[in-house]
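For reference, the structure is listed below as structure tokens.
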Amino acid sequence: MALYLAVANRKGGVGKSTVSVMLAHSLSIWGGKRVLVVDIDSQCNASIILLGGRGWREARDKRKTISDYFVDCFKTPHTAAEPYLVREAGDVVGASGRRPVLDILPGSLLIDEVQGDLFLDLASGHQGKNLIIDLSRRLGQLLRRWDGAYDVVIMDCAPGLSFVTHAAIATADRVIVPFRPDYVSLMAIDRISLVAEGASNLDELAQIPFSRRRYMCLPNFVRGRGAERLLIEEVGLTHPMAEMQLAHRDGIANAFEWSADTRTIDAKYGDGVADLRRLYDEVSSMLVNGNAPPRIYAHDTHTALSA
Ligand SMILES: Nc1ncnc2c1ncn2[C@@H]1O[C@H](COP(=O)(O)OP(=O)(O)OP(=O)(O)O)[C@@H](O)[C@H]1O
Ligand SMILES: [Mg+2]
């Protein structure tokens, strides 16, 4: 059974793609895990970071993207998933020069339009009122087809809450919510937490103990100022918080720098390696514990999707 992680926040620019890529590199290199990244965002940042611009365009020309995967699977049930993946992604190798098992289902510029088309197709033959739930459920099933082939599947979500992002959050074992410790970010966290837990409001959310929640907030861009500390503490009263925080560092920004020449993880992340190690340790413990709280699809999706 793979561990499915969604990295999500409806707010843009908080570090979702950066954290996705950092986890992919560290879990595959340091942890020796077989890792798949699923790029759900039409900006395709994770794909461009892990394949380079040229590699991503080649994948797109060969119809190896999440849009092609969804369209073909909706048209022809039981379509095999593997042909849509690109193997050996990333520009980082182990100390011995060994490439990790790090594959990607590349993103597509058209994923937003494709979701709309799938919705309309489904609507045309649909009887009941649960159309949105049915679509999200089907997308969720297609996002969870990698057991056996991978140990960890990392879904880099788009900002906002599209059907596919809903499906990724609802279907994931764990949801990591990077956020910037400033006041405008607070509302976005509240909203994503409701979706992750299928709660309709914060009072309902408060009934769920932290230990039963699937999501975890991760402060990013931390500069160590007092105001930030207070804000992180305030968020931590309402939401489960990671033990570690990611500092604002050039080395972490390097996650975005694709290089055609492979390098070690230390060379790539420079002054961000210690942050990466702490992130890796914390997320690795989710793999060991294996007792993730139940997913939304285990009970009711309705509240999650209409929240
Ligand atoms: N801890 C950090 N220190 C320095 N730069 C960072 C850090 N985290 C992210 N960045 C930089 O901030 C920018 C936004 O990060 P990123 O693209 O990962 O956010 P995102 O949430 O995925 O954005 P979007 O919502 O557009 O998908 C990038 O240029 C990235 O390199
Ligand atoms: Mg992103």
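Remember, it's 1-based here, ligands and their atoms both numbered in the order they're listed.
Counting only heavy atoms from C-beta outward, the side chains of Leu142 and Arg138 never approach each other to under 4.5 Å.
In this structure, ligand 1 sits under 4.0 Å from heavy atoms belonging to Gly12, Gly13, Val14, Gly15, Lys16, Ser17, Thr18, Asp41, Gln43, Pro159, Asn220, Phe221, Ala247, His248, Arg249, Ile252, Ala253, Phe256.
The cationic atom of Arg54 (NZ for Lys, CZ for Arg) does not lie both less than 6.0 Å from the six-membered ring centre of Trp56 and within 45° of the ring axis.
Between atom CG of residue Leu161 and atom NE2 of residue His166 there is a gap of 4.5 Å, rounded to the nearest 0.5 Å. Rounding to the nearest 0.5 angstrom, the gap separating the CD atom in Glu204 from the CD atom in Gln207 is 8.0 Å. To the nearest 0.5 Å, the span separating CD1 on Ile169 from CD on Glu197 amounts to 11.0 Å.
Side-chain contact of Asp91 with Thr262: a donor-acceptor pair under 3.5 Å is absent, judged by distance alone.
In summary, Ser17 places an N/O/S atom under 2.8 Å from the Mg ion (ligand 2), meeting the contact criterion.
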